[in-house]
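Encoded as structure tokens, the structure appears first; notes follow it.
Values reported hereafter were calculated over all heavy atoms of this structure, with side chains retained and with hydrogens, waters and symmetry mates removed.
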Amino acid sequence: MKILFICNANAEVGFGHFSRCRIIANSLKESISKVDIYFSGNIEMNLLDSINTDILKFISSPKYEDFDCVILDSYKKNDFNEINNLNLKKIAIDDRGLQSFLDWDLVLNFRLNPVNLNYKSKEVCQGTDFFPFDKRLKLLRLESKPKQQFKNLFFYFGDTKKIILDDKSEALIKNYKEKYNFFISTTKSNELLNCEEITRSNFFELFSKSDVIISGGGLTKYEAAFSKKINLTFSINELQKKDTEILSEFFLTNDMGYFKNFNNSLLNSLEKLENLQNDEIKLFYANSSKYFNTESLDNITKKITNIVI
């Protein structure tokens, strides 16, 4: 059995598509005996330097006839067109509904209450029952307990946005350094300010230690909500904003508007945390339990396994 994932990881689209494909691929390896899994697409390998890619196989120009199944996670029409007419199992990981995926074997869409979709695939699995979480997050979810006081704040707006701390931001952090520890995706950390840089190598460690996750509108807000970590979202684009608004309606994130600059996000985040109500916190924990499924990755794995075997 040979499976090919086609996704992108570059400065334009960020790391998210590759990240969720890698999570699903690793789960499939545990589920299917004698399976070979490959990755292809516009993948800038320097973005992957800080994670273990030794067990992953990359191929730049795949021969599709050599594979039993292709799993596509890309918004690019050219990628879709290249796969659409192949005579093999075809699965899409999608969250935009740009294609109907007519006669494809499966479409997976993990968004909460996805709207305006016109999928015409043989099977459709949508909603957070099919959220592809890193297995390490499951333990965070199971061990999570409601908190009214926060100490560690995690600021991350995607791999394509490296934050530069200006004088205003440093002054603001200094004012709150006794109350909070700041973990920030920045090229400039400062121990005197209780500020630590988020890197790919320490991402999970700092995420785990954090009480509040402040992020852009991508996968991170879902990971935070799944892990039962209070989170604030500053969306990067319109698609993310619409999705953030839906999660906010269910108290799974706090919609903080669009990302403008780091100083604005820092100021608004601190103001929000200083005024966060206990009722909001209780609703978040209750709805994380209600709307996220601890076994959602297994649900994805079983569904794909049933199709490819």
Side-chain angles (χ1 to χ4, degrees), residues 1-10 13-95 99 101 103-110 121-125 129-138 159 200-201 203-204 219 223 295-309:
M1 172 67 62
K2 293 182 70 175
I3 298 175
L4 176 67
F5 280 84
I6 296 180
C7 59
N8 303 301
N10 52 60
V13 301
F15 197 81
H17 293 270
F18 176 80
S19 179
R20 63 197 191 192
C21 285
R22 179 171 62 91
I23 288 167
I24 295 171
N26 288 336
S27 185
L28 289 173
K29 287 179 182 179
E30 296 175 3
S31 175
I32 305 174
S33 60
K34 297 182 180 179
V35 63
D36 285 325
I37 297 180
Y38 292 80
F39 283 80
S40 189
N42 185 0
I43 299 174
E44 295 179 9
M45 296 302 295
N46 63 303
L47 278 179
L48 313 182
D49 286 346
S50 54
I51 66 171
N52 182 9
T53 59
D54 294 341
I55 60 174
L56 302 180
K57 301 174 183 177
F58 296 88
I59 183 170
S60 58
S61 300
K63 295 181 179 179
Y64 296 114
E65 62 270 20
D66 293 340
F67 293 90
D68 301 290
C69 176
V70 173
I71 300 177
L72 175 69
D73 187 351
S74 171
Y75 299 147
K76 291 188 175 181
K77 191 171 183 179
N78 288 344
D79 290 338
F80 168 79
N81 290 338
E82 195 167 3
I83 305 304
N84 190 42
N85 294 320
L86 295 177
N87 186 25
L88 42 68
K89 299 290 185 181
K90 298 188 288 288
I91 296 172
I93 303 168
D94 182 66
D95 54 16
Q99 309 293 339
F101 298 102
D103 292 331
W104 282 47
D105 294 275
L106 173 66
V107 174
L108 292 162
N109 186 323
F110 65 82
S121 55
K122 296 173 184 177
E123 289 192 70
V124 177
C125 293
D129 278 350
F130 299 92
F131 172 60
F133 61 86
D134 186 310
K135 287 191 173 183
R136 296 173 295 179
L137 298 181
K138 185 173 181 178
D159 293 278
R200 270 288 151 193
S201 59
F203 185 97
F204 182 77
L219 191 65
E223 293 174 329
E295 307 304 325
S296 59
L297 180 58
D298 288 339
N299 293 341
I300 296 172
T301 305
K302 290 175 183 176
K303 182 59 65 173
I304 295 177
T305 300
N306 289 338
I307 288 174
V308 300
I309 291 182

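At a threshold of 4.5 Å between non-hydrogen side-chain atoms, the residues F131 and I23 do not count as touching. Under the 4.5 Å side-chain criterion, counting only non-hydrogen atoms from C-beta, K76 is in contact with N42. Looking at F18 and L56, their side chains come closer than 4.5 Å, going by heavy atoms from C-beta outward. Counting heavy atoms from C-beta outward, K302 and T305 have side chains that stay 4.5 Å or more apart. Using a 4.5 Å heavy-atom threshold, the side chains of N299 and C125 count as separate. Side-chain contact between P62 and F67 is present, with heavy atoms from C-beta onward closer than 4.5 Å. Taking 4.5 Å as the limit, every side-chain heavy atom of F110 sits out of range of all side-chain heavy atoms of F133. Under the 4.5 Å side-chain criterion, counting only non-hydrogen atoms from C-beta, I304 is in contact with I71.
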**Asked** Could you go step by step and tell me if D68 and M1 meet the side-chain contact (heavy atoms from CB on, under 4.5 Å) rule?
**Response** CA-CA 6 Å; D68 301 290; M1 172 67 62; 3.6 Å; yes
**Request:** Go through K2 and D66 one step at a time and tell me if the side-chain contact (heavy atoms from CB on, under 4.5 Å) criterion holds.
**Result:** CA-CA 8 Å; K2 293 182 70 175; D66 293 340; 4.0 Å; yes
**Request:** Take I307 and E123, measure what side-chain contact (heavy atoms from CB on, under 4.5 Å) needs, and give me the verdict at the end.
**Result:** CA-CA 10 Å; I307 288 174; E123 289 192 70; 4.1 Å; yes
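Defined by atom type and a distance below 3.5 Å, a donor-acceptor pair is present between the side-chain atoms of S27 and T301. Side-chain N/O atoms of N87 and Y64 include no donor and acceptor closer than 3.5 Å.
Heavy-atom neighbours of K303 NZ from other residues, nucleotides or ligands within 6.0 Å: at or below the threshold of 12.
A salt bridge does not link K90 to D105: none of the charged side-chain nitrogens sits closer than 4.0 Å to a carboxylate oxygen.
If you take CZ on F101 and CG on L72, they are separated by 6.0 Å, rounding to the nearest 0.5 Å. Rounding to the nearest 0.5 Å places CD of E82 at 8.0 Å from OG of S40. In this structure, CG in L108 is found 6.5 Å from CD1 in I24, a value given to the nearest 0.5 Å. Interatomic distance, F80 CZ to N85 CG, rounded to the nearest 0.5 Å: 8.0 Å. Distance check, rounded to the nearest 0.5 Å: OG of S74 to CD1 of I6 gives 8.5 Å. Atom-to-atom distance recorded for N8:CG and C21:SG is 9.5 Å, nearest 0.5 angstrom.
Between F39 and F5, the angle of the ring planes stays under 30°, which puts this pair in the parallel group of the 30/60° scheme.
Residues satisfying the salt bridge (charged side-chain N to carboxylate O under 4.0 Å, His left out) criterion with D73, sequence neighbours excluded, are R20.
Counting all heavy atoms, side chain and backbone alike, D103 lies closest to K122 at O-CE, 3.4 Å. Between V308 and C69, the shortest heavy-atom distance links the atoms CG1-SG, 3.7 Å. Shortest non-hydrogen contact noted between K57 and I37 is CB-O, 3.7 Å. Contact detail for P132 and L297: the closest heavy-atom pair is CA-CD1, 4.3 Å.
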